[in-house]
Structure formats: structure tokens, C-alpha cells
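Step one of this worksheet: look at the structure below.
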Amino acid sequence: MPILVIRDSRNGKVKEISLNRSRFTIGKSDWNDLVLPRKTISREHCVIFRKGASYLLRDLGSTAGTLLDNKRIEADIPLGHNARISLGEFEIVFKAGPGEAAARPDKKSQKGSAPEAANPTGMPAPVMEDGEDVDPFLLVQRKIHGQLFSARELKNVDFDKISDEEAREKTEKVAIKLIREFAGRGEIPKSIDKRALLKAVLDEALALGPLEDLLADDNISEIMVNAWNRIFCETRSDGMILSDKKFTSDEQIINVIRRIIAPLGRRINEQTPLCDARLKDGSRVNAIIPPLAVSGPAVTIRKFPKERLGIEDLVNFKSMTWPMAKFLELCVKEHLNVVISGGTGSVKTTLLNVISSFIPGKERIVTVEDISELSLPQIHVVTLEARAANLEGKGAIHIRDLVKNCLRMRPDRIVIGECRGGEALDMLQAMNTGHDGSLTTLHSNNPRECMARLETLVMMAGMDLPLKAIRDQMASAVHLVIQQARLADGSRKVTHITEVCGMEGETITLQDIFLHNQTGFDRKGKVLGYHDATGAVPNFVQKMRRRGIKVDMSIFKPSHKEENLG
């Protein structure tokens, strides 16, 4: 195993650490593997990574630059035994372990270029990365970005203290200058669009790299980064596709992840290699990096719709019918406790957003979420978000803590983004003690499984309650289960609206009010089917009518008319 010997020239201290990871970042921010807290060190200064049998050194656009054997590097350079890396006031000696390959960089590598054969364009031949050719566009982009922040005009700029517009203006001037210099030396092939190159460099330096164009595309609903050169998208028109967009490296993916989570006060590194976050527009982000992600950093983004969806949109999308919509509006306005059930990607949160809009504006709403996604139109809303632990593993605030706290905030309604654990017990107790009209979601495949799942979550609270007591609480607290499903053709539909009737012995009884009946598929693979009432009238409707509330009873009559909802 290689060893790094680090010497601090300021105080003469020397320490040794083992290079026990395939990717080892160095910088002054505390998320790096080696933290060097000095002004001369950039937040993410450089990285040492393993490729095949060799270890390579890459500068990460540091202000002061990274020197190898007293020569500034501009590209990935193999590290030989006793190679000396200079970072500001620190000197790091790379010592290859027994049996480790110790590559000897040649002169061309020392100048920042990979060994290459002569060619008319002066461009290096595309290198192999993860067994795949890197195209010339990415190579030029990578080289320009490597020199961008070491340029004299940007060296002393504190980007945290200037506006986004000023940062982009300053960076754009330097990027244009570098592109002109590269073009003047014949290092940019004529086939490369310089405007596209400028945009790619600026997106990588200041924004989210290749994700920017994908996030701006309204046809894309979900983005899945499997590797630096494999980005898949779920589109509304063509389903799942492989995008032609690519990152320049795994390191760029990690930098983008950190750029996303930094405003939220979260970190991602080898100690905490996974994270949930959100973008400014509310889109949900999940990120996972090595060592858990063996094939490299992976990112999943579920885009937030730019326009707020309403109940009429769901009807137009044929996710439900108008009688179902009217029934759900009645249930929410009359303070019924509702659980939205569904699998991953079935747009439970979207449905929760829509039906929450039925809550009267004068009522005080407190929302509790792991990552804030709900966007309610009312103004009397308090939004609470859980907090992850810090680097020492302390300071975490879980959803259950927030649910307990929101009971002291005089809420008329409690909306929990998703029940995943013991907070389910606190939610049931709230529903049973004067907080009727509460709403939540949880993962399950049908209303019966929803009850079983809720029971399991309550037991996770660790209160050692008898099973009969748990089911009694569930039967009295939950009035309605809405089952949302993603069907075989990718469409999302409400498949069940089910009443929780009560208990028979030790079994919770359920009654379906509306169902989606699937009849088959058309020639294009679209699901055929229709929504219809079952004919059952919910017990709580009779109670509403006795209180003088007008209910359109015709919505409960089965139509027996098959309608193609594909």
C-alpha cells in the first residue's frame, strides 16, 4: 500500500498516512481525505487516484496550482516512487508500496500532456477512461477548466463574497481568453463549436455541468447519472433514453454533488458517502459516491414540475376522474385523515401536493419532511425539514423529533412528506388527539399492504405496544387510503380509493370506493382501462349528511362504462 509523507514547511512537522483508498482528495475543506487548512490551499486542491496498476495526480483547478517535482501540472500525471508533490507550504512525498507499480513520468507528461503521437491538429490522441474513448471536446474542456481558476484574473477572487452574475462575468472573460489561446495554438479542432465549449466550461466551473441542459429540458422528468459518461433520462415522449451529455470525470460529478448540497449544510465524503438533497426549484436529489458506489459516483434527480399541478391536471392526465376528484376534495375539506400509498416513482408527493391545496387557507398547516419538496399554495404554512448529523455524528434532527415538536405549534393540519419509521406512531397519536385532517405518504403496493406497512412502522417506534392496540389506533386514526401506482407503460394512476371501516376481531376492515380496472394493452403498449365507483358509500359520508353537509351521492354510482385511459 502506498504511503504519503507530508511535511509542513512552516513548523517542520512530518506525518505519514496510508493511501488506503482508490481515490484520495486533498484540500482545506473538511470533507477531503487529507485536510490542509491553510490559505495557500484551495478547498479542493488535488486528487490522487488509482487507474489500473498506477496512481495518478490531478489538479482540481486550484488557485496556487499543484507542483510535481517542482513543475506545475496541467493534466493527469502518473506518480513514481519518491515523487514530490508541492502544495503551498506543504510537501508530500509519494512512496509506492511493495509490489506497487511506480510509473516514471516522461518529459511530455511533466509538461502537462499525455504521451502522444504527432498529428496535424496538435491535439493529444483521445485517452481511454473506464475502457471508453474520451472525445476531443471533453479533453479540451478538461484542459481549459484545469487552467481557469489558476489564471491571474481569478486567483484572488473570493467567489463566496460576490454575486452569481459577477462571478459568471469574471469567469467568462477568462474562459474566452483561454479558448482563444488554445485555438491560436491549434489545440482546438475545427469541428468543435467554441460557443458550446465556452458554455460547457462555464457550466462546469459555476453550475451543474452537463446537468444544466437536462434540467432545463421540460421533456425530461428524471435524470440518472450512472457514471461520468453514462447519463440516462426518463422522458415524457420516449421513455428511458441514454443522453449524449457527459461529465469530464468522476471528480466533476463529486464537485457538482458538493455544489448542490453545500447550501443545505450537508457534506458527502468517504465517511458519509450518501446524501439526499434538493435543488433550488425543489427537485429531489440522491447522491452516492465510492466506496459504496463501486462503479463511481451516482446521482439521481427527480425533477420538480415548473408549473404547479392542480386537480384538473391529474384528471386531464387520466390519473383519476372528476367524481374521484370531487370526493377527495370533500374528504380533505371535512378533515379526514388520509394516507397516500404507492411505490417508488408513483408520484405520491405530487398527489399529496395537489390534494393539500384543498385545505382552507385560514387553517394553520405544518409540513414535516426529510427533504423539503411540498409547495403548498396557502400562506398560513410552516415548513419543517430534518437535519443530518455533522462530521462528528452529532446534531441530527429526525422526522420524529419534528413531528413531536409540531404538535406544540398549534397546527390545524399536519402534513408529513413520508412516514419511514417510528414517526408513524406519533402521527397516529396526533390524528387521534384533535389533529384531524392530517395527510402523509408511505411506500406500499395496495391498501391492504399499506395497513401492514403502517403497522410495521409503528412497531419501529420501540414502544412495545400490543398488536391489537396498534391496529385499534390505526383503524380509528386513518379514514382513507389513496393508492397511487406506476403502470407498465409508465403512466401514473390512482388505482384505489379505499375507506378504513374499523375492526372486526383483530383485522382492520377496508372498503374500496373507487377502482381502476385494467382491461389490457393497445398495440403501442399503452395500458387500457377505466376508473369507476364500486357502488359502496363510505360510512363517514352518512355522518357528514347527518351534520347537514351536502354530498353529491351520484359520484358513488358505478357507470359500468369502460373508458380507454391509455
Side-chain angles (χ1 to χ4, degrees), residues 1-9 12-38 40-62 64-115 127-131 146 228 249-255 268-273 289-297:
M1 181 182 298
I3 292 174
L4 298 181
V5 181
I6 302 104
R7 181 179 179 276
D8 187 345
S9 62
K13 290 184 178 180
V14 178
K15 68 175 180 179
E16 293 186 3
I17 58 174
S18 298
L19 198 63
N20 55 2
R21 300 185 179 95
S22 60
R23 208 168 180 84
F24 197 89
T25 57
I26 302 172
K28 69 179 178 183
S29 294
D30 53 11
W31 58 64
N32 291 284
D33 300 304
L34 174 59
V35 180
L36 304 176
R38 293 283 169 79
T40 53
I41 306 298
S42 295
R43 286 182 294 181
E44 297 159 1
H45 201 104
C46 65
V47 61
I48 298 172
F49 61 99
R50 184 165 189 157
K51 189 173 182 182
S54 301
Y55 282 86
L56 284 77
L57 175 67
R58 177 186 296 167
D59 183 77
L60 299 178
S62 61
T66 302
L67 277 64
L68 178 62
D69 296 331
N70 295 321
K71 294 182 180 180
R72 186 165 185 155
I73 67 170
E74 297 178 0
D76 298 347
I77 305 296
L79 290 173
H81 183 59
N82 283 333
R84 295 182 178 275
I85 306 167
S86 299
L87 309 176
E89 299 164 326
F90 296 91
E91 182 182 79
I92 301 174
V93 179
F94 174 85
K95 292 187 175 292
E100 294 282 347
R104 299 183 66 84
D106 60 16
K107 293 181 179 178
K108 288 185 179 180
S109 295
Q110 292 287 10
K111 291 178 182 177
S113 302
V127 298
M128 297 294 289
E129 196 156 331
D130 294 336
W228 68 270
S249 65
D250 285 345
E251 202 62 42
Q252 188 196 2
I253 302 178
I254 295 176
N255 288 340
I268 193 164
N269 50 36
E270 289 209 2
Q271 284 71 45
T272 53
I289 65 172
L292 298 188
V294 179
S295 59

| message | Show, in sequence, the C-alpha distance, side-chain angles and deciding distance for Trp228 and Gln252, and conclude whether the side chain to side chain contact (heavy atoms under 4.5 Å, CB included) test is met. | response | CA-CA 8 Å; Trp228 68 270; Gln252 188 196 2; over 6 Å; no
Please report the interatomic distance [atom1]([X]) to [atom2]([Y]), rounded to the nearest 0.5 Å.
{"X": "Ile26", "Y": "Leu60", "atom1": "CD1", "atom2": "CG", "answer": "9.5 Å"}
{"X": "Ile85", "Y": "Phe94", "atom1": "CD1", "atom2": "CZ", "answer": "8.0 Å"}
{"X": "Leu87", "Y": "Ile41", "atom1": "CG", "atom2": "CD1", "answer": "5.0 Å"}
{"X": "Ile254", "Y": "Arg23", "atom1": "CD1", "atom2": "CZ", "answer": "5.5 Å"}
{"X": "Ile289", "Y": "Ile268", "atom1": "CD1", "atom2": "CD1", "answer": "4.5 Å"}
{"X": "Ile77", "Y": "Leu56", "atom1": "CD1", "atom2": "CG", "answer": "8.0 Å"}

Where [X] and [Y] come nearest, the two heavy atoms and their spacing:
{"X": "Asp250", "Y": "Gly296", "value": "OD2-CA, 4.3 Å"}
{"X": "Pro2", "Y": "Tyr55", "value": "CG-CE1, 3.4 Å"}
{"X": "Lys28", "Y": "Arg38", "value": "CD-O, 3.5 Å"}
{"X": "Ala64", "Y": "Arg72", "value": "O-NH1, 3.7 Å"}
{"X": "Ser86", "Y": "Asn70", "value": "OG-OD1, 4.4 Å"}
{"X": "Pro290", "Y": "Pro273", "value": "O-CB, 4.1 Å"}

| task | Might you work through the side chain to side chain contact (heavy atoms under 4.5 Å, CB included) test for Lys95 and His81, ending with a clear yes or no? | result | CA-CA 5 Å; Lys95 292 187 175 292; His81 183 59; 3.9 Å; yes
Has the side chain of [X] got a donor or acceptor atom that lies under 3.5 Å from a matching backbone atom of [Y]?
{"X": "Thr25", "Y": "Asn32", "result": "no"}
{"X": "Arg43", "Y": "His45", "result": "no"}
{"X": "Asp59", "Y": "Glu74", "result": "no"}

| Student check: side-chain heavy atoms of Asp33 and Ile48 closer than 4.5 Å | no
| Quick check: are there more than 12 heavy atoms from other residues, nucleotides or ligands sitting under 6.0 Å from CZ of Arg84? | no
| request: Determine, step by step, whether Leu57 and Cys46 satisfy the side chain to side chain contact (heavy atoms under 4.5 Å, CB included) criterion, reporting the C-alpha distance in whole Å, the side-chain angles of both residues, the deciding distance to 0.1 Å, and the verdict. | output: CA-CA 7 Å; Leu57 175 67; Cys46 65; 4.1 Å; yes
| Can Leu34 and Ile92 be said to form a side chain to side chain contact (heavy atoms under 4.5 Å, CB included), step by step? | CA-CA 11 Å; Leu34 174 59; Ile92 301 174; 4.1 Å; yes
| field | Ion pair check, Lys51 and Asp76, cut-off under 4.0 Å | value | no
